[in-house]
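Working notes, structure below.
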Amino acid sequence: MLIRSHTCGQLRESHVGQTVRLNGWVNSYRDHGGLIFIDLRDRFGLTQIVFDRESGLAADMMASADKLRNEDVIAVEGAVRIRVGGENPKLDTGKVEVVVVALEILNKTDNPPFLPDDLGKLPNEELRLTHRYIDLRRPSMQRILALRHKVYQTTRRYFDENGFLEVETPILYKSTPEGAREFLVPNRHVPGSFYALPQSPQLFKQILMVAGCDRYMQICRCFRDEDPRADRQAEFTQIDLEMSFVRRDQVMATMEGFVRRLWKDVADVDVPPLQRMTYRRAMEDYGIDRPDTRYDLKIKDLSAFAAKMDFAIFKSALEKGKDRPAYNSKKGVVKALRVPGGAEKLTRKITDGYTDFVKTFGAGGVAVVKVIKGEDGQPKLDTGIAKFLEPLKAEFLALLGCQIGDTVLFVADVYAIATKAIGELRQKVARDMGLVPKPGAEGGPWNFLWVVDFPMFERNKETGKWVAMHHPFTSPNDDQMQAFLDADMDDEVTIEGIVSAGYDVVLNGQEIAGGSVRIHDRAVQSKVFALLGMTPEQAKEKFSFLLEALSYGAPPHAGVAFGLDRLIMNFAGTDNIRDVIAFPKTQTGADLMTRAPSPVPENQLRDVHIRSIAPAP
RNA sequence: GGGGCGGUAGCUCAAUUGGUUAGAGUACCGGACUGUCGAUCCGGUGGUUGCGGGUUCGAGUCCCGUCCGCCUCGCCA
């Protein structure tokens, strides 16, 4: 075989006169009869090679060259020269070409189902995933693979420099069915017993702290058997960290340093210091715990104002849970979103659509009013609920700081639903108003933000039980610890008010990292388990190893996990998580290339003491 | 589990809102061509309209079921 001397992205004017050998795929061919041009492709680029009947190429090789087609794999030998037909500025190698004197066909291809170029429309994703080995040849996909590699390398370098040890943790793990649904793996030796694949290495990394590792990191695979989304996959990758003898601020500083290094290395962007926002502020102003601050729309609570209105829909919403304390999920509220310039851009058709939109989050609808210019030149309320606002017009305009040309959107419901609905609506309105900047060539703008002071606990919507907002190993914040230990477990208002030592990094409305200071005291951990409704026996059955570890000299520790796939999505400028995973799965968990999952022979099931109750296909 | 969109030639799409033999570009096959660069020109092959029923004189088009993919709500400690 003609082993390559250079890659297809390498040759320049300085190589002119040299005899070189290239290997690669036929990216395109231009056949002029006695003269054939081929763009040869590998991961590193494209090089034009020329077959010329009049340049001494053997007749049989010329005949072979005539048969070359896209995606054939070949090796050639020839001399580098300045292009006779002039430069092609689109190629890095565009000043030169290789005049072939020897051709070796390494592998003829069948006619491929699609070509891996970035011209024109992509074939449908089903086909791309089925023939992933072709799809990944596409330069845009190669670029993402390289980006991902770069992130791995920068990550390992940064944490190594900061004293972290990379430690692998088990994939076959104990089932702890509190959080996401788990993937189960039967054990052959103990009939009826199962491992679970880890939702995250959470407890192992805490135990590594107890074990004296001091600082741990791992780029690890996590598994959650929940329905995927465009930015979510059942099998995904985290950059997982844990640190000993630190409090919240030390971890946050380490994370911020990492973010800064990563963006510098990968995108050559200098990230300014991150602002902090409390969870409460985020929910109040943005209706979501991961605000997108790239645009300046803010939500305002108008409950007190709305109570003065003679408008039945608001009144009945405010009646709900009216004896509950503020921010209680079941307390009725009225939320408003002022949209500058909305009076013109948000047509009746669009605002009508908002009602359907908020219904998907359980809200009843959206009330609308426009602020237009009256005959006297002053602001005038128009359409929708204008007549109900008219008696309180001055107060309304002042409360929201309305200008002529604004539209104001209202959602009235219990706190949990109204907040979620108007928070989602805010993001939709921003898209409709064209306020969301399109990522430029460098990906940005990059709006980072810390969100802190999350509640420790929230009520499960269906069961009404307390559940941990982050996870059950999250510590109350330092200034809350005594209040938590003293708290009566039946005192709903106090429990609800306990703030955890958790922290999230939010980027452009996306959670890219989350972590917390952990509980390192057995008594605190036991109280959390009890609050979550676990008896001491249940806690012991599920987490005895953790409770024991906490009893044998556990250092204060804290940690975090970054969603690696989402980081790459940002750098790659894609909103499809499958683009950043080499071999992703579909929405039903299928790998279309390997055809996993698949049935297994009966005897294989018997070995692991499993009988399938699935109906025969 | 719920809602929405989609599936027509290898690929990307069209097909007058139920009406003749389902078309175009590209790929592929054959031919021409010595300076192209998404080469060009000429000719050709290629279809179980995802699958199964139904309505109708007639179904790519309407109805029912089903499979697959995507988006989404729930879910994701």
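Residue numbering restarts at 1 for every chain, and letters A, B, ... go by the order of the sequence lines.
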*Tell me, please, which residues at least two apart from A:F183 pass ring-ring contact (aromatic ring centres under 6.0 Å, His included).*
none
*Residues which pass ring-ring contact (aromatic ring centres under 6.0 Å, His included) with A:H15, listed by chain and number, not counting sequence neighbours*: A:H6
_Each nucleotide in nucleotides 23-29 of chain B should get exactly one letter: B, S or -. Can you fill that in based on protein heavy atoms under 4.0 Å?_
----SSS
*Give the B/S/- string for nucleotides 72-77 of chain B, one per nucleotide from 5' to 3', where a protein heavy atom under 4.0 Å of the base yields B, of only the sugar-phosphate yields S, and otherwise -.*
BBBBBB
*Parallel, tilted or perpendicular: rings of A:F357 and A:F361 (30°, 60°)*: perpendicular
*Between B:C11, B:C70, B:G35, which nucleotide has the shortest distance from any of its atoms to the side chain of A:R578?*
B:C70
*Within the structure shown, what part of the strands sits under 4.0 Å from A:N124 by heavy-atom distance: base, sugar-phosphate, or nothing?*
sugar-phosphate
_Pairs meeting criterion ring pair (Phe, Tyr, Trp, His ring centres under 6.0 Å) with involvement of residues 500-537 of chain A, two or more places apart_ = A:F529-A:F543
*Please indicate yes or no: is the ring centre of A:F37 less than 5.5 Å from the centre of the six-membered base ring of B:U36, with the two planes inclined by under 30 degrees?*
yes
_Face-to-face stacking of A:H32 with B:A39, centres under 5.5 angstrom, angle under 30°_ = yes
*Do the non-hydrogen side-chain atoms of A:D66 and A:D31 ever get within less than 4.5 Å of each other?*
yes
*asked:* If the condition is salt bridge (charged side-chain N to carboxylate O under 4.0 Å, His left out), which residues does A:E424 pass it with, not counting sequence neighbours?
replied: A:K420
